[in-house]
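Have a look at the structure below, then the notes.
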Amino acid sequence: MTSQVATRFSRYAWAVVVWNLFVIVWGAAVRATGSGAGCGSHWPLCNGAVVPRAPELATIIEFTHRTTSGLALLAVVGLVVFAWRVFPKGHLARKASLISLILILVEALLGAGLVLLEYVEQNKSLGRAVYLSAHLTNTLLLVGALVSSAWLGRIASPRLAPTPGKWRAALLVTLAASVSGAIAALGDTVFPATSMAEGMKAEFADGAHALLRLRLIHPVVAVLAGAYLAWLGVIASRSGRSDSIRKAGMALALLVGVQLAAGAINVWLLAPVWLQLVHLFL
């Protein structure tokens, strides 16, 4: 395998990462705009048709998500084929691409379940919250696998050193912050507030819905997780290791700060759809 081939693979893999990020953010737009039932309770068909006729806006949003998701699946299949053609047996880019394929198939099944179980629009059940949490966890693992494919594909014979415990913990706190954020976003969707005071009153009211109670958890978890990740970023940026690790540490600390600021503004502005999407993208 030549370095030129490895570079082409890595570029393709990064393009797949970018496309999947777009699909993920568009999926959040489906939830935030209440368009999850835009194709009715039909899957994989949309309102009983392959291509819906005279679609409404909600149908266009949902159908676009399904179409882009299908293209993402094909792109990951292409990633696996590419990896198997250019890398030798046992190469970690092969393994990462195969894991990506497994996770995106699970992602497709979870997406279908949202429609078939009718966990869409104004469904306020705790089952929907649990389901969305599992969906987002799988999504984050998928992004991690895709990024690993792109990263490992640049290296002729990659070897992974044991991961320090503090970085394994970083993955867990990131998942915790993200999942609690998904639940908070669901609460914002089904229980929109007209003001911060009105929203807080609803959250602390006697007999408040569980989603309103759970919405309170995310800011606390996010701040604690952010502080931990920023601390790790600062440690990495000051380490005597490679320049790429120092730059990655600085980027991590900076992104945590931007993300926390975006979260605070999101709360202040009562979670407008566009800012929810920016927050998820970050």
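Just so it is clear, the values below take in all heavy atoms, side chains as well, and ignore hydrogens, waters and symmetry mates.
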Task: Donor-acceptor contact below 3.5 Å, side chain R168 vs main chain T163 - done: yes

Task: Pairs satisfying disulfide bond (SG atoms under 2.5 Å apart), at least one member in residues 87-154, at least two apart - done: none

In residues 38-57, what donor-acceptor pairs under 3.5 Å come from side-chain atoms, sequence neighbours left out?
{"residue": "H42", "atom": "ND1", "partner": "C39", "partner atom": "O", "Å": "3.4"}
{"residue": "N47", "atom": "OD1", "partner": "G40", "partner atom": "N", "Å": "3.1"}
{"residue": "N47", "atom": "ND2", "partner": "G38", "partner atom": "O", "Å": "3.2"}

Open item on the list: When you group the ILVMFWY residues by side-chain heavy-atom contacts below 4.5 Å and let the links chain together, are W19 and V147 in the same group?
Closed with: no

- [ ] If the plane angle is over 60° it's perpendicular, under 30° parallel, otherwise tilted; pick one for H209 and F191.
- [x] tilted

- [ ] Give a yes or no on whether the backbone of G249 and the side-chain of S237 come within a donor-acceptor separation of less than 3.5 Å.
- [x] no

Open item on the list: Is the ring pair W231/Y228 parallel, tilted or perpendicular, if the boundaries are 30 and 60 degrees?
Closed with: tilted

- [ ] Sequence neighbours left out, what pairs pass disulfide bond (SG atoms under 2.5 Å apart) with at least one residue falling in residues 144-206?
- [x] none

TODO: Look at the aromatic rings of H279 and H218 and report parallel, tilted or perpendicular, splitting at 30° and 60°.
DONE: perpendicular

Open item on the list: Looking at N138 and L103, would you say the former's side chain and the latter's main chain have a donor-acceptor pair under 3.5 Å?
Closed with: yes

Open item on the list: Is there a continuous path of hydrophobic side-chain contacts, each under 4.5 Å between heavy atoms, that joins V115 to I60?
Closed with: no

- [ ] Could you tell me whether a side-chain N or O of S180 sits under 3.5 Å from a main-chain N or O of A176, the two making a donor and an acceptor?
- [x] yes

Open item on the list: Tell me if a side-chain donor or acceptor on Y119 pairs with a main-chain N or O of S125 at a distance below 3.5 Å.
Closed with: no

Task: Exercise: identify the closest heavy-atom pair between A253 and A230 - done: CB-O, 4.1 Å

Open item on the list: Minimum heavy-atom separation for R213 and F204, please, with both atom names.
Closed with: NH1-CA, 3.6 Å

Task: R215 side-chain N/O to E203 backbone N/O, donor-acceptor pair under 3.5 Å - done: no

Task: Pairwise side-chain contact, N266 with P272, heavy-atom cut-off 4.5 Å (strictly under) - done: yes

Open item on the list: Is it the case that the side chain of W26 and the backbone of I61 share a donor-acceptor pair, with hydrogens and angles ignored and the cut-off at 3.5 Å?
Closed with: yes

Task: Minimum heavy-atom distance between S239 and I245, given as atom pair plus value - done: OG-CG2, 4.2 Å

